[in-house]
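The figures here come from the full heavy-atom set of this structure, side chains too, leaving out hydrogens, waters and symmetry mates. Order of the sequence lines fixes the chain letters, A, B, ..., with proteins taken first and strands second; residue numbering starts at 1 for each chain. These numbers were taken from a predicted model, which means no experiment stands behind them.
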2 protein chains.
Amino acid sequence: MPAGERRESILEAATAVFGERGYVGTTTDAVAKAAGVSQPYVVRMFGTKEQLFLEVLQRALDRLLATFRGVIAEHGPGGKEALGALIGNAYADLLRDRGLLLSLMQAFMLGADPVIGPAARAGLLEVYAVLRDEAGFTSDEADAFLSHGMMLNTLVAIGMAGSYETDPSARELIDACAPSKAPLIVRLAKQHRA
Amino acid sequence: MPAGERRESILEAATAVFGERGYVGTTTDAVAKAAGVSQPYVVRMFGTKEQLFLEVLQRALDRLLATFRGVIAEHGPGGKEALGALIGNAYADLLRDRGLLLSLMQAFMLGADPVIGPAARAGLLEVYAVLRDEAGFTSDEADAFLSHGMMLNTLVAIGMAGSYETDPSARELIDACAPSKAPLIVRLAKQHRA
DNA sequence: GTCTATAGGGCGATAGAC
DNA sequence: GTCTATCGCCCTATAGAC
């Protein structure tokens with residue numbers, strides 16, 4: 001396999017594993033097994049585990065921002081209030097890219113790390129900048145969007161959707177905090193278990 | 001030192017370390033050093049690192065819920081809309097208890113863990129139940145409260161407040177997403193650096 | 001109640017063959 | 001481009017003295 005493709009397939013596998021186990025909890029061996037290569041090969045290709053995570057983070061940010069910009073561009077000069085809902089749906093759709101939003105969230109939790117911390121802060125600031133400057137969100141709109149995004153990330157990370165159908169209180173929480181996304185995250189939780 | 005006091009001082013130290021480094025990233029030795037005891041003593045007292053984290057999580061939840069209930073009880077039969085702001089302020093005040101809210105957030109990120117995951121989900125559900133059943137929040141109010149709580153946790157975890165005065169875009173983000181809490185988290189970030 | 005010493009296991013990274 | 005073998009470190013947990 002050419003190096004470019006192999007790189008991408010390892011990054012994809014790493015995104016899923018980092019998203020589920022976190023940075024420290026992920027072993028390069030687990031990433032290697034998920035990608036179907038040997039552990040030393042992963043290290044050889046990315047240098048260090050830290051560098052691998054930084055590339056996963058950058059790739060996740062690139063895709064998130066590209067998705068937002070795609071929605072903004074396609075939206076055209078129509079009504080402004082519809083854009084918020086469109087970007088919100090596009091954001092939730094990114095949950096299909098397994099581990100992508102969770103890897104971002106894991107990076108956000110690593111602010112104390114001298115290398116990952118600065119990259120994570122820069123990434124979050126870039127997201128906010130795109131919402132304000134390119135999507136035209138007010139600061140209140142950006143606040144609501146980011147806050148609910150963090151809530152959604154947390155609900156997925158904690159695995160609450162896995163109890164949606166068996167635990168009425170889990171259902172109530174999800175319906176309250178992520179109403180329109182409930183069907184999606186419940187479906188993804190089932191797929192994940194299978 | 002009597003066992004009870006020693007226990008509490010280790011739990012306090014562990015809360016700070018777990019909050020900053022996460023569950024997997026925390027060594028029992030780091031907790032021991034922060035508490036001024038030897039590493040084997042920490043393990044001896046709590047059995048395992050996992051058990052220690054579970055106790056940190058439970059202690060954090062207990063304090064969070066006790067704080068909420070205190071505000072609800074003191075508030076009396078007065079205006080209902082004021083209670084939301086009071087609980088919000090009480091929540092932000094818990095940031096002074098170093099690592100407490102961050103340890104909770106770290107637990108929320110461990111949903112995939114077979115032992116910690118269930119405890120974290122039960123904890124979040126209990127918080128939601130208190131907001132709905134004891135504070136009398138509507139589901140929309142609970143959603144807004146929890147979402148902004150997650151956002152605040154994320155801003156603190158990522159260390160954004162450390163750039164508040166040097167980076168105008170960090171300031172803009174914090175002012176947008178945690179307006180009334182900005183002075184507090186900036187002060188805490190400074191204390192933490194010193 | 002608290003320590004020192006250390007066993008035991010796992011992980012990131014390197015060496016080097018093919 | 002990819003692997004096997006392995007080094008060396010770090011970390012949890014145990015043993016056992018004081």
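Taking atom CD on Q39(B) and atom C1' on dT2(C), their separation rounds to 13 Å, with Å as the unit. One atom, CG of D29(B), and another, C1' of dA13(D), lie 13 Å apart when rounded to the nearest Å. The distance between atom CZ of R7(A) and atom C1' of dG1(D), rounded to the nearest whole Å, is 14 Å. Look at NZ on K33(B): it is 12 Å from P on dC3(C), rounded to the nearest Å. Between the OH atom of Y23(A) and the C1' atom of dC11(C) there is a distance of 12 Å, given to the nearest Å. Rounded to whole Å, the distance from CD on E8(A) to P on dG1(D) is 16 Å. Going from atom OH of Y41(B) over to atom C1' of dC11(D) covers 21 Å, rounded to whole Å. Residue M45(A) contributes atom CE, which lies 7 Å from atom P of dT2(D) at whole-angstrom precision.
Nearest to the side chain of S38(A), among dT14(C), dC3(D), dT4(C), sits dC3(D). Residue M1(A) has its side chain nearest to dT2(D) when only dG1(C), dT14(D), dT2(D) are considered. Side-chain proximity of K49(B) to the nucleotides dC3(D), dG12(C), dT12(D) is greatest for dT12(D). Checked against dT12(D), dA13(C), dT2(D), the side chain of R44(A) finds its nearest nucleotide in dT2(D). Here the nucleotide nearest the side chain of V37(A), chosen from dG1(C), dA13(C), dC3(D), is dC3(D).
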Derivation and outcome, salt bridge (Lys or Arg N to Asp or Glu O under 4.0 Å), residues K33(A) and D29(A):
CA-CA 6 Å; K33(A) 283 192 168 64; D29(A) 191 54; 2.7 Å; yes

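Screening K190(A), R187(A), R171(A) against E165(A) for a salt bridge (Lys or Arg N to Asp or Glu O under 4.0 Å) leaves a single residue, K190(A).
A salt bridge does not link R132(A) with E141(A): every distance from a Lys NZ or Arg NE/NH1/NH2 to an Asp or Glu carboxylate oxygen is 4.0 Å or more. The existence of a salt bridge linking D62(B) and R59(B) is excluded, since no basic side-chain nitrogen approaches an acidic carboxylate oxygen closer than 4.0 Å.
In this model, the phosphate group of dC11(D) is not approached by any side-chain N or O of T28(B) to a distance below 4.0 Å at OP1 or OP2. Between R6(A) and the phosphate of dG1(D), there is no side-chain N or O to OP1/OP2 separation shorter than 4.0 Å.
Ring geometry for F68(A) against Y91(A) counts as tilted: the plane angle lies between 30° and 60°, on a 0 to 90° scale.
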